Amino acid sequence: MLDKTFQPDAVESEIYALWEDAEAFACGKRPDAKPYTIVIPPPNVTGSLHMGHALNNTLQDIMARFERMRGKDVLWQPGMDHAGIATQMVVERQLAEEGNIGRRDMGRQAFLDRVWSWKEESGGTIINQLRRLGASCDWSRERFTMDEGLSRAVLKVFVEWYRDGLIYKDKRLVNWDPEFESAISDLEVDPRETNGSMWHFRYPIVGEEGRYIVVATTRPETMLGDTGVAVHPDDDRYKDVIGKMVELPLVGRHIPIVADDYADPEQGSGAVKITPAHDFNDFDVGRRNDLEMINIFTSKAAINENAPEKYQGMDRFAARDAVVADLDALGLLEKVEDHVLAVPYGDRSNVVIEPWLTDQWYVDAETLAKPAIEAVERGETVFVPRHWENTYFEWLRNIQPWCISRQLWWGHQIPAWYGPDGEVFVAESEEDAQQQAAQHYGKAVELTQDEDVLDTWFSSQLWPFSTLGWPEDTPEVDRYYQTDVLFTAFDIIFFWVARMIMAGIYFKREVPFHTVYIHALVRDEQGQKMSKSKGNIVDPLDLVDQYGADALRFTLAAMAAQGRDIQLSTNRVEGYRNFGTKLWNAYRFCDMNEALDASGFDPSGCTQPVNRWIVGETVSTLHAVTEGIEAYRFNDAAGGLYQFIWHNFCDWYLEFIKPLLNGDDEDVKAETRQTTAWVMEQILRLLHPFMPFMTEHLWRQTHDDLLILQDWPKPELGLADATARTEIESVIALISEIRTVRAEMNVPAGAKILVAVRSGEVGAFPALVDDAAVLNPVIKRLARVETVETLDGDFPRGTVQVPVGEATIGLLLADVLDVDAERARLTKEIEKATKEVENVDKRLNNPSFVAKAPEHVVAEQRERREEYAQLIEKLKEALKRLDDLS
RNA sequence: GGGCGGAUAGCUCAGGUGGUAGAGCGCCACGUUCACAUCGUGGAUGUCGGGGGUUCGAGUCCCUCUCCGCCCACCA
């Protein structure tokens with residue numbers, strides 16, 4: 001006998017081990033089946049499971065289990081990302097804490113050895129956390145972006161794109177992270193609204209004693225690198241100074257005043273200082289006007305030797321204060337204003353990013369973007385929800401060159417080698433590079449490899465095929481690419497989704513997936529984004545510990561419909577844990593009643609209306625759940641199951657069959673037991689993708705095989721029985737009516753009552769009136785009815801009249817009846833019904849409604865009116881009778 | 001500046017093709033009937049953000065306004 005509640009922690013790991021031992025997650029076991037592929041968004045090797053992962057992987061697992069049960073050869077490809085910056089950061093921090101020497105003192109190879117050993121020991125905890133969630137990934141195929149094979153893919157892509165002119169080296173401004181001393185891409189820059197200042201400086205015009213031109217800046221320290229001042233060519237205020245020089249204060253350099261459209265006469269004074277080496281706009285102005293580019297920062301953003309000696313070595317912010325103070329002392333500070341601006345921060349380092357002039361490698365993203373845009377326009381990949389395609393298009397249509405080199409060590413080292421004169425040789429191996437060099441120079445020369453590594457996303461973009469073995473021509477690439485659906489959150493559409501589509505089209509001539517499902521971001525109960533600094537993180541594993549993985553999974557699935565955000569509250573999880581308990585106890589009930597064996601049962605052969613009814617309801621639930629999952633409407637699927645299991649099956653069906661199972665009609669009993677067992681079996685199958693642990697555990701109470709490997713139920717279209725449905729629904733209505741009135745009339749819950757039916761209306765209550773009817777004890781039990789009388793005359797004194805459909809049933813309460821309460825109840829009912837009639841009449845009395853609305857709508861309204869009119873009449877009769885007798 | 005999303009019951013949210021609003025939780029009343037108190041039965045609660053339009057009919061379509069959130073770009 002099972003306990004009263006499910007104990008998830010006691011069985012989850014055991015069940016998971018059963019699945020793994022049976023190789024239930026492994027792909028390739030059904031060579032004749034259609035493949036179905038999902039690649040996991042590879043979590044960072046440094047990562048641990050957060051709620052976003054939990055949602056993301058729950059949805060993938062639902063799909064994987066669903067398609068597996070539908071007979072497909074499912075590959076859910078797992079793995080991890082080496083996460084260049086994040087991982088290097090973790091290890092460097094560790095070195096610092098241990099008081100060890102920094103990575104630069106250690107040397108590259110020693111440092112990398114250290115990172116690898118960190119990875120072996122502490123990396124990838126998230127993989128086991130995914131197991132706890134129940135993820136049915138094919139772990140035998142786990143990949144890592146720095147595996148040998150995946151690294152080979154990176155080399156091949158780099159070399160091929162280089163050869164095709166899509167990768168090139170360029171010297172231009174990049175977003176420089178002074179903390180990591182590395183370039184980062186546009187996407188890794190996080191602009192943060194900041195309250196700052198706008199300083200207005202006077203630059204003396206050379207040769208015009210006492211005349212200044214005023215420029216404004218939010219970054220005063222950059223003036224040390226100014227090489228010009230720009231004004232608009234049509235700005236009358238400055239026409240006469242164009243071409244003249246100003247003397248750059250503190251520095252003494254003479255710099256030109258140039259005319260350039262970039263200067264906006266409306267902004268500030270209309271004159272703008274130009275620092276081409278430290279501002280993206282100024283860089284362009286500098287190029288157009290042939291201005292000098294003077295870099296004034298070191299790689300750590302301190303002032304370098306190109307600035308006056310006084311400032312050299314100062315940190316940029318110290319230099320800012322010094323520059324302002326010095327200009328003020330010279331009387332050249334015109335004013336300071338408060339100013340709100342967006343300051344660029346490194347999303348990982350959290351320090352202010354500086355535009356800095358360096359050599360970096362770039363990908364010509366614009367060229368790659370074109371076919372990626374067209375593919376989505378043609379619908380080769382569809383986003384769900386569709387509107388995310390706008391975001392995708394918007395970014396790709398305005399895409400900038402992608403800076404892919406990073407001045408880090410952890411990652412794929414760039415396969416470029418330099419000759420003694422700086423000539424570059426790009427090749428998949430050093431040997432190839434040597435060969436190229438030998439050919440170039442006519443002799444063997446010493447080569448040095450580019451020190452930099454590639455942006456982590458450079459390898460991630462290959463994930464849908466590099467994990468399958470590409471560039472080798474493996475059977476897996478053939479069979480599982482194109483993958484089916486990608487599950488991800490909107491925040492990496494640019495970082496990852498778009499780039500996978502570009503790379504997939506380029507190297508595989510086919511988009512990597514036909515569907516991209518964009519799910520919500522999970523927030524806390526207050527709608528705040530979860531973050532460590534806010535301390536509002538809900539750890540999914542805590543919820544798993546507390547409520548079980550099934551409860552968390554079901555919650556996430558049920559909430560998956562919400563737009564951009566899911567606000568997760570623990571009482572939702574608790575509610576779905578209770579749902580599991582409900583099913584658990586229903587199963588125990590089945591067990592106690594020997595209703596778990598459905599072998600040889602043909603659901604279409606049922607004779608009892610209750611059984612025919614529940615079979616029909618089961619089949620329509622099957623449809624709803626199947627269609628829900630197919631359409632990625634997980635909330636509909638979960639909601640349909642919840643409604644069916646709790647309300648139809650537990651609340652009504654199981655209550656209906658109690659009198660039958662305790663009765664003495666053996667045929668009815670046998671059929672009912674089998675029906676119950678059959679429904680329970682369907683429930684376990686349908687619920688399995690959502691609650692895999694409990695369903696598997698229950699399945700194994702009576703089976704030696706595994707539920708995970710069972711078939712998804714087949715839709716049996718012939719099983720819906722409209723007659724049984726109508727009959728049972730009318731019984732439900734009758735019982736509900738009686739219960740409602742009992743409660744409203746304060747009949748004690750335990751008290752059994754007498755009811756009466758007038759002889760002319762017995763036909764309306766066949767099962768209630770006929771003691772021999774199968775459903776008779778059912779109704780009596782659920783409505784707590786003692787006996788049923790048939791009256792020849794009218795209802796006696798002390799009767800509550802309850803209209804049910806076409807007829808009226810009387811609850812014989814005799815002296816217990818509170819006449820005033822009953823009068824009030826009837827009056828209220830009449831009012832309600834009258835309002836309904838008025839509403840319907842408004843429509844029916846509108847000639848254009850009758851003329852223009854479709855016939856069935858008009859007929860529906862007429863019927864509705866008729867029903868309510870009848871109801872009112874009955875209620876009025878009841879009221880009159882009540883008054884007559886009292 | 002460009003774009004996207006949201007505004008529905010006290011709370012969190014569902015409401016593909018327009019026919020007159022639902023769920024869960026919470027709340028109130030009753031209840032220990034032999035699966036389940038992680039439960040059962042019954043109940044209350046909404047000018048569907050404001051305004052206008054299309055339509056016989058709009059939470060659902062169109063326009064507009066207000067407020068909230070987000071993305072991209074810019075910010076001397």
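This is a predicted model, so every value here is computed, not measured. Chain letters run A, B, ... following the sequence lines, proteins first, then strands; residues in each count from 1.
Ion pairing between A/Arg219 and A/Glu354 holds under the 4.0 Å rule for side-chain N and carboxylate O.
B/A73 and B/A14: their P atoms are spaced 29 Å apart (whole Å). Annotation: B/C36 and B/A21 have their P atoms spaced 39 Å apart (nearest Å). B/G50 and B/U38: their P atoms are spaced 41 Å apart (whole Å). For B/G51 and B/U8, the P atoms lie 15 Å apart once the distance is rounded to whole Å. Remark: the separation of the C1' atoms in B/U66 and B/A9 is 23 Å, to the nearest Å. The same atom, P, is picked in B/G2 and in B/U17; the two are 30 Å apart, to the nearest Å. As rounded to the nearest Å, B/G26 and B/G43 have C1' atoms that lie 14 Å from one another. Only the P atoms considered, B/G49 is 41 Å distant from B/A37, to the nearest whole Å.
Take A/Arg633 and apply the salt bridge (Lys or Arg N to Asp or Glu O under 4.0 Å) test, not counting sequence neighbours, and it matches A/Asp636. In this view, A/Pro847 satisfies the side-chain contact (heavy atoms from CB on, under 4.5 Å) rule with no residue, not counting sequence neighbours. With sequence neighbours excluded, the residues satisfying ring-ring contact (aromatic ring centres under 6.0 Å, His included) with A/Trp584 are A/Phe6, A/His697. When the side-chain contact (heavy atoms from CB on, under 4.5 Å) test is applied to A/Cys650, the partners found at least two apart in sequence or on another chain are A/Lys582, A/Ala586, A/Leu654. With sequence neighbours left out, the ring-ring contact (aromatic ring centres under 6.0 Å, His included) criterion links A/Phe283 to no other residue. Applying the side-chain contact (heavy atoms from CB on, under 4.5 Å) test to A/Glu394 and every residue at least two apart in sequence or in another chain returns A/Asn398. With sequence neighbours excluded, the residues satisfying side-chain contact (heavy atoms from CB on, under 4.5 Å) with A/Asp235 are A/His232, A/Arg237, A/Tyr238, A/Pro265.
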TODO: Any chance you could lay out the side chain to side chain contact (heavy atoms under 4.5 Å, CB included) test for A/Glu829 and A/Val802, step after step, and finish with the verdict?
DONE: CA-CA 11 Å; A/Glu829 292 290 311; A/Val802 186; over 6 Å; no
Task: Stepwise side chain to side chain contact (heavy atoms under 4.5 Å, CB included) test for A/Glu867 and A/Arg864 - done: CA-CA 5 Å; A/Glu867 270 169 36; A/Arg864 205 178 145 98; 5.6 Å; no
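Considering only side-chain atoms of A/Gln861, the nucleotide from B/A44, B/C74, B/G19 that sits closest is B/G19.
Across the protein-nucleic acid pair, A/Asn746 atom CG and B/A29 atom C1' stand 9 Å apart, rounded to whole Å. Rounded to whole Å, atom P of B/C70 lies 18 Å from atom CD of A/Glu394. For A/Tyr653 and B/G40, the OH to P distance is 19 Å, given to the nearest whole Å. For A/Arg572 and B/C25, the CZ to P distance is 9 Å, given to the nearest whole Å. Following rounding to the nearest Å, A/Arg397 (CZ) and B/C71 (P) show an atom-to-atom distance of 21 Å. One atom, CG of A/Asp347, and another, P of B/C71, lie 12 Å apart when rounded to the nearest Å. The CG-P distance, from A/Asn635 to B/C13, rounds to 13 Å in whole Å. Taking atom NE2 of residue A/His856 and atom C1' of nucleotide B/G19, one finds them 8 Å apart after rounding to whole Å.
Residues A/Ala743 and A/Tyr642 both approach RNA chain B. Their nearest nucleotides, taken by heavy-atom distance, put A/Tyr642 toward the 5′ side. Heavy-atom distances to RNA chain B give each of A/Trp395 and A/Ala230 a nearest nucleotide, and the one nearer the 5′ end belongs to A/Trp395.
In the model, A/Lys780 has a side-chain atom that pairs as donor or acceptor with a side-chain atom of A/Asn776 under 3.5 Å. Under the 3.5 Å distance criterion, with hydrogens and angles disregarded, a donor-acceptor pair is assigned to the side chains of A/Asp186 and A/Asn175. A side-chain donor-acceptor contact under 3.5 Å links A/Ser185 and A/Glu188.
Within the nucleic acid shown, A/Ser269 has no heavy atom closer than 4.0 Å to any nucleic acid atom. Residue contacts shown for A/His647 are limited to sugar-phosphate atoms, with no base heavy atom under 4.0 Å away. The residue A/Ala631 sits apart from the nucleic acid: no heavy atom pair falls under 4.0 Å.
A/Tyr642 and A/Phe554 have tilted rings, their planes meeting at an angle from 30° to 60° on a 0 to 90° scale.
No cation-pi contact links A/Arg577 to A/Tyr547, judged by a cut-off of 6.0 Å to the six-membered ring centre and 45° from its axis.
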Report, one pair per line, the protein and nucleotides 32-38 of chain B atoms (nitrogen or oxygen only) whose separation is under 3.5 Å.
| unit_1 | atom_1 | unit_2 | atom_2 | d |
| --- | --- | --- | --- | --- |
| B/A35 | OP1 | A/Lys658 | NZ | 3.3 |
| B/A35 | O2' | A/Asn585 | OD1 | 3.0 |
| B/A35 | O2' | A/Arg588 | NH1 | 2.7 |
| B/A35 | N7 | A/Lys658 | NZ | 3.1 |
| B/A35 | N6 | A/Cys650 | O | 3.2 |
| B/A35 | N6 | A/Glu655 | OE2 | 3.1 |
| B/A35 | N3 | A/Asn585 | O | 3.2 |
| B/A35 | N3 | A/Ala586 | N | 3.3 |
| B/C36 | O4' | A/Asn585 | OD1 | 3.2 |
| B/C36 | O2 | A/Lys582 | NZ | 2.8 |
| B/C36 | N3 | A/Lys582 | NZ | 2.8 |
| B/U38 | O4' | A/Asn578 | OD1 | 3.2 |
| B/U38 | O2 | A/Arg577 | NE | 2.6 |
| B/U38 | O2 | A/Asn578 | OD1 | 3.3 |
| B/U38 | O2 | A/Thr581 | OG1 | 2.5 |

Can you pull every protein N or O that's under 3.5 Å from an N or O on nucleotides 7-10 of chain B?
none

Pairs under 3.5 Å (N/O, protein and nucleotides 26-28 of chain B):
none

Table of protein N/O atoms under 3.5 Å from nucleotides 53-57 of chain B N/O atoms:
| unit_1 | atom_1 | unit_2 | atom_2 | d |
| --- | --- | --- | --- | --- |
| B/C56 | OP1 | A/Lys852 | NZ | 2.5 |
| B/C56 | O4' | A/Ser848 | O | 3.4 |
| B/C56 | O2' | A/Asn846 | ND2 | 3.0 |

Open item on the list: Expected output check: what is the dot-bracket annotation of RNA chain B, where ( ) and [ ] are pairs inside the strand (brackets for crossing ones), | is paired with another strand, and pairs are Watson-Crick or G-U under 3.5 Å?
Closed with: (((((((..((((.....[..)))).(((((.......))))).....(((((..]....))))))))))))....
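With rounding to the nearest 0.5 Å, the separation of CG in A/Leu687 from OG1 in A/Thr695 is 6.0 Å.
Annotation: A/Phe634 is in aromatic contact with A/Tyr517 [ring centroid separation under 6.0 Å].
A/Ser269 contributes a side-chain N or O that, together with a main-chain N or O of A/Val214, makes up a donor-acceptor pair within less than 3.5 Å.
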